[in-house]
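So you know, we letter chains A, B, ... as the sequences are listed, proteins then strands, and number each from 1.
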Amino acid sequence: MASSLSLRAGLLSVLIFAAFVGAWQWATLPGAGPGGGAVDPEYAALVSGAAAQGAKSAFPTPADVAATLWGHLKDPFYVRGANDQGVGIQLAYSLGRVLVGYLLAAAVAIPLGFLIGMSPLTYKALDPFIQILKPISPLAWMPLALYTIKDSGVSAIFVIFICSLWPMLINTAFGVASVRKEWLNVAATLEVGAFRKAFLVILPAAAPTIMTGMRISIGIAWLVIVAAEMLVGGTGIGYFVWNEWNNLSIGNIITAILLIGLVGMALDLALARAARLVAYRE
Amino acid sequence: MTTFKDPFDARYRLNSRGCSCGQHGSEAEHVQAQASEDARTTRVVEGAVMRALFPHDATRRAFLSAVGAGTAFAAVNALFPLASATEAFAQAAKPEKTDLKVGFIPITCATPIIMAKPMGFYEKQGLNVEVVKTAGWAVIRDKAINKEYDAAHMLSPMPLAISMGVGSNPIPWTMPAVENVNGQAITLAVKHKDKRDPKDWKGMKFAVPFDYSMHNYLLRYYLAEAGIDPDRDVQIRAVPPPEMVANLRADNIDGFLAPDPVNQRAVYDGVGFIHILSKEIWDGHPCCAFSASKQFVTEMPGTYQALLKAIIEATAFAQKAENRKEIAAAIAPTNYLNQPQTVVEQVLTGTYADGLGGVKKDPNRIAFDPFPWESFAVWILTQMKRWGQIKGDVDYAKVANDVFLATDAKRLMAEAGLMPPETTTKTFSVMGKPFDPTKPDEYVASFAIKRS
């Protein structure tokens with residue numbers, strides 16, 4: 001039954017995809033040009049095909065996009081100068097930034113979350129700050145970061161850092177604060193030292209909540225990097241999108257969107273796997 | 001090209017256009033036809049000296065006619081060691097730093113900065129320059145201020161704004177060279193093709209690349225001349241050039257005064273038409289600039305000099321009409337402008353589709369002239385004042401002198417043991433209204449529509 005369910009679900013997915021591509025193909029069918037024919041050939045040579053017909057240039061068809069996608073996947077690592085590099089290299093730049101910012105955030109958020117979770121006093125004292133800082137769009141930090149850090153690469157990493165920080169911090173604090181009292185009491189009766197208690201009792205107990213926070217964070221970080229790179233430019237998949245926007249190349253932009261989605265999914269799956277490792281049953 | 005004129009020719013006018021032999025369309029072409037690169041360098045230095053000695057054309061002409069060019073050259077050379085000044089410029093101190101980063105915005109204004117890379121102008125000066133494409137003017141400003149870029153492509157009002165602390169912290173900034181003159185246009189959405197009179201534009205939404213841009217000032221000027229108050233009757237917003245065509249297409253804006261290739265790209269995609277070229281508002285207006293911090297200029301004079309030389313040579317090369325196609329091919333790829341080659345070619349050659357089915361020819365659609373006339377700076381400052389971007393009293397001449405020409409020419413002269421030159425200004429007119437750089441306050445006061 002289970003196998004037939006996933007089979008049917010798979011079939012349905014394929015159908016939805018086919019319907020989507022079909023609708024797209026239909027919507028981008030070349031319509032008959034409104035005027036057409038009477039355009040000066042000298043003029044037509046200077047503008048795009050659609051403009052020569054008196055229309056606006058058209059949205060690419062699925063076949064156009066597939067060809068563009070294939071072109072990028074065939075040669076993902078070329079370097080034709082600082083401003084023109086393969087899509088694989090751009091993704092690697094973005095992933096690098098995300099990982100550095102994310103790991104820094106984890107290095108700060110998890111110990112700090114522990115501290116906050118274990119002490120109700122600091123929890124209460126820091127709560128207003130966290131509540132105010134948490135909802136700020138990470139991109140709003142960008143001008144401030146550029147102004148104070150004075151380095152666009154570090155600023156991009158800082159933006160990733162600041163946006164990944166809060167979910168991890170809050171989840172860690174929450175996970176640590178909600179470790180069951182009985183376990184802590186048992187630890188106390190056995191006269192376990194503070195460090196042993198933290199690492200052998202609290203950490204394993206809070207691990208699933210912490211992992212959830214980390215999973216939320218990586219998702220946000222990947223969302224934000226594209227926007228941050230569009231703003232700062234230079235390298236990365238966000239820069240690639242901006243550069244192709246500059247060229248109004250919708251085919252390339254759709255390709256980039258697809259790749260961004262795929263990488264984001266891979267990141268999420270990896271953390272879901274990791275979360276399963278620390279899960280436990282009570 | 002004013003900078004490359006022969007200052008020892010009595011027939012030449014320092015302050016305006018025209019070829020002396022009559023065989024060439026412009027002075028620039030005349031000089032280009034004759035001068036090798038070394039001669040051009042010499043010419044730049046000689047020009048600076050002559051301008052310093054004879055700030056007024058009439059005096060210089062009288063002098064040259066009276067004694068003859070040869071005698072004049074000898075006399076001036078006896079007073080000022082022209083040869084060593086030229087040498088000081090030509091054989092600059094060894095660059096202190098050869099790996100440089102120069103930021104640019106992907107528009108044709110940046111042509112000299114960009115092309116100098118693929119066409120080897122930087123390399124020739126022993127520089128390894130990386131030209132970095134940047135997303136917008138605010139970012140290029142911040143990256144330049146943060147020293148991520150050693151020098152950058154900016155809009156010519158930006159160095160003034162940065163130096164004065166308008167829209168940023170005051171940081172001494174310099175503009176050693178103008179990139180291009182002309183080369184912008186007003187583009188309107190195709191649906192407005194019957195509204196060619198700006199008096200009908202009330203309620204429209206326009207985009208300009210940046211608040212501190214020639215585009216903003218020219219558009220405001222053009223609208224105000226037609227009786228449209230740019231702050232009350234229309235909306236003008238800053239939109240980065242790459243996003244302009246997308247916004248025009250989506251009907252978010254009705255038009256823009258933008259740098260190329262944005263205008264031509266709107267035509268290419270059938271989204272807009274070119275209403276007028278910016279040269280029809282002010283022929284010979286400056287647009288973008290090559291700029292660097294004062295700190296860079298003073299701390300690394302050798303590097304700065306080599307870089308400026310590469311830019312001046314690239315600008316001279318770009319000014320020649322016959323090189324334009326080759327340049328278009330060099331700067332159109334993804335690494336630089338990322339535009340269809342025909343779009344860039346139409347901008348540079350001036351044979352272009354206007355978006356309404358016609359093909360127009362205007363070889364001066366864009367021109368390249370590196371000379372940072374201080375009167376340009378004064379005009380820009382008057383407009384900043386006019387539209388309330390700067391308040392209070394402005395020492396026009398001082399700011400212009402600090403930011404535009406002065407650092408470059410004065411330092412070169414001082415290095416060679418010469419007297420620093422007088423300020424260099426010229427008069428010009430915008431939409432038929434003459435501008436006298438010595439009377440900026442009266443100029444601002446003379447406008448009916450203003451914010452100050």
Under a 4.5 Å heavy-atom cut-off, does chain A meet the side chain of [X], its backbone, both or neither?
X       : result
L337(B) : backbone
F104(B) : side chain
L356(B) : backbone
T342(B) : side chain
Q339(B) : both
N338(B) : both
E243(B) : both

- More than 12 heavy atoms from other groups under 6.0 Å of CD on E123(B): no
- Message: Heavy-atom count check: over 12 atoms from other residues, nucleotides or ligands less than 6.0 Å from F158(A) CZ?
- Response: yes
- Item | Distance (rounded to the nearest 0.5 Å) between W242(A) CH2 and T134(B) OG1 | 7.5 Å
- Note on the structure: Highest number of heavy-atom pairs under 4.5 Å with chain A among P333(B), P118(B), G355(B), G136(B) belongs to G355(B)
- Query: Who among I140(B), N146(B), N335(B), V190(B) has the most heavy-atom pairs with chain A under 4.5 Å?
  - Reply: N335(B)
Tell me which donor-acceptor pairs under 3.5 Å the side chains of residues 249-267 of chain A have, and how far apart each pair is, sequence neighbours excluded?
from: S249(A); atom 1: OG; to: N252(A); atom 2: ND2; distance (Å): 2.9
from: N252(A); atom 1: OD1; to: H72(A); atom 2: NE2; distance (Å): 2.6
from: N252(A); atom 1: ND2; to: E244(A); atom 2: OE1; distance (Å): 3.1
from: T255(A); atom 1: OG1; to: G251(A); atom 2: O; distance (Å): 2.9

- Query: With sequence neighbours left out, what residues match S137(A) under side chain to side chain contact (heavy atoms under 4.5 Å, CB included)?
  - Reply: L139(A)
